[in-house]
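Shown next, in structure tokens, is the structure this report addresses.
Lettering follows sequence order; numbering is per chain, from 1.
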2 protein chains.
Amino acid sequence: MPRLLIVEDESALRRALTINLKARSYEVEGVGTGASALRAAAANPPDLVIVDLGLPDLDGADVIAGLRGWSQVPIIVLSARDSQAQKVRALDLGADDYVTKPFGMDELVARVRAALRRADVQDLAVGPLVTTPSFTLDLAAKRAVRNGAEVRLTPTEWHLVEALVRHPGTLVSGAQLLAEVWGPGYEKETNYLRVYFAQLRRKLEDSPGRPRHFITEPGVGYRFEP
Amino acid sequence: MPRLLIVEDESALRRALTINLKARSYEVEGVGTGASALRAAAANPPDLVIVDLGLPDLDGADVIAGLRGWSQVPIIVLSARDSQAQKVRALDLGADDYVTKPFGMDELVARVRAALRRADVQDLAVGPLVTTPSFTLDLAAKRAVRNGAEVRLTPTEWHLVEALVRHPGTLVSGAQLLAEVWGPGYEKETNYLRVYFAQLRRKLEDSPGRPRHFITEPGVGYRFEP
DNA sequence: GAGCCCCGTCAAGGACGCGTCAAGGTCGGC
DNA sequence: GCCGACCTTGACGCGTCCTTGACGGGGCTC
């Protein structure tokens, strides 16, 4: 479980980040000032640091320089959109990546994962890779591979796969899948599920007629078997 | 790949310099004393030397004099702001350029490049290079080369390339690209992406009709394939 | 064993997204 | 003030994807 250190003075945003990353089972420590960030990093070295460039005491760039003095830990910078110069300087000082505010949570998580992967840190948190004997799915990169060849999935197919794969081994009701992929109000359109699961099985299963991974539980819903 | 020798007693700064210059694929050797600097330069002549004037054993000026006794290697001096006299003396002794502390990394890199160019050292190591079988991109220097010829990209094209290339192999959503290049509020202007990717492909791809590096994932976003 | 329900399959239509081209419009340099 | 480079915007054709309907089969109930 990788440790993250978040340096962000705005407490609302810090809280939101902490909660969201903890929900993805990272270990998270949040601080509000540059000085405490350097102290915290020294006391308990994190696997990755997220730094806001606009801090009250030190400049975010000073934090990066301070860390880079002794540590190779990956650093992701949060920056306002209009501070191009600051951003460049942060990268020059040794930041690994940056995210422009405002940003989506999933985007930030994707960068965190990528940075940890580059740094060769074991990222056990909801790995983007889903593997079965028949195929491999990379949910983050939206890539599917079967027998060494890439398989193209349409957006709706991806959405459906994601909704199902998030609960491996357990059963998901048809209504739940419909509501998640097509939105509330589509709970009755079980047709969609039939059509799309047929396509998914044709694209991913070894013998679409006898699916081994996308399994129908008659009268109840569907189940993903890794 | 030019070799740089860094002479700096403050270990945090020495490390920061080393890491940052290595990141630009220079070969870097760092030492902390004037004596070891002269020894290192004699053992393995560098293409450029960066010297801090405030050293514990020898004065930085002595290092310059020691080098100039037998070598024309370019020398860049790091000096505190208030030591004007020291600075002049260093230049008199044969230093080529100086940078006043505190300095930005990009400034130092610029001087390094300039000094190497003046010294006619092949400076191939210009920053983060992105290479594909069809073309080469130098994001730092904003240069694109295809089939040996330089290709001009407009500012927006560079911005878009940068936003995409930062995640090689993985998918970037259209909204994300739009927000990063054109700013928040432009997430719906998918027109821009179509127009600009068409231009990029025409400028960089071998067969723009069948792009191999700037790939569209229909309904989702775009992907850069190195 | 007949009827019903649920599921899988197939095909056709229409909608949507993408690539392409071309025409204004804006900004900065000469 | 003119010219060129660049950005924005609209229109059009094409291909893909989503939706929808019909059909058939298997299992369960009666």
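As a whole-Å value, the separation of Glu217(B) CD from dG17(C) C1' is 14 Å. In this structure, the OH atom of Tyr196(B) is 15 Å from the C1' atom of dT20(C), given to the nearest Å. Phe197(A) places its CZ atom 15 Å from the P atom of dT19(D), with the value rounded to the nearest Å. For the pair Leu200(B) CG and dC7(D) C1', the interatomic distance rounds to 14 Å; values are reported in whole Å. Atom CG of Leu160(A) is separated from atom P of dT19(D) by 12 Å (rounded to the nearest Å). In this structure, Glu205(A) atom CD and dT9(C) atom C1' are separated by 16 Å, rounded to whole Å. Distance Phe214(A) CZ to dT9(C) P: 14 Å, rounded to the nearest Å. Rounded to whole Å, atom C1' of dC21(C) lies 11 Å from atom CD of Gln199(B).
Taking the charged nitrogens against the carboxylate oxygens, Arg152(A) and Glu157(A) have no contact shorter than 4.0 Å, which rules out a salt bridge. A salt bridge is absent between Arg3(A) and Asp47(A); no separation between the charged side-chain nitrogens and carboxylate oxygens falls under 4.0 Å. No salt bridge links Arg14(A) with Asp9(A); every basic N to acidic carboxylate O contact stays at or beyond 4.0 Å. Using a cut-off of 4.0 Å between Lys/Arg side-chain N and Asp/Glu carboxylate O, Lys142(A) and Glu162(A) are scored as salt-bridged.
Among the heavy atoms of the strands lying under 4.0 Å from Arg152(B) are primed sugar atoms or P, OP1, OP2 only; no base atom is included. Nucleic acid contact for Thr216(A): sugar-phosphate only, since backbone atoms but no base atoms lie under 4.0 Å from a heavy atom of the residue.
Between Tyr222(A) and Phe197(A), the ring planes are parallel. Angles under 30° get that label, and only those over 60° would be called perpendicular.
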- [ ] At under 4.0 Å between heavy atoms, which parts of nucleotides 20-30 of chain D does protein reach? Answer with one letter per nucleotide, 5' to 3': B base, S sugar-phosphate only, - none.
- [x] B----------
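For the pair Arg146(B) and Asp206(B), the minimum side-chain heavy-atom distance is below 4.5 Å.
The side chain of Tyr222(B) places no N or O atom within less than 4.0 Å of a non-bridging phosphate oxygen (OP1 or OP2) of dG17(C). The phosphate of dC18(D) (OP1 or OP2) has a side-chain N or O of Thr154(A) nearer than 4.0 angstrom. For the pair Thr156(A) and dC18(D), the criterion of a side-chain N or O lying under 4.0 Å from OP1 or OP2 is met.
In this structure, Arg202(A) and Val220(B) both approach DNA chain C, and ranking their closest nucleotides by distance from the 5' end singles out Arg202(A). Nearest-nucleotide positions on DNA chain D for Glu157(A) and Glu157(B) put Glu157(B) closer to the 5' end.
Nearest nucleotide to the side chain of Trp182(A), out of dC17(D), dC7(D), dT19(D): dT19(D).
The number of heavy-atom neighbours closer than 6.0 Å to CZ of Phe135(A), taken from other residues, nucleotides and ligands shown, is above 12.
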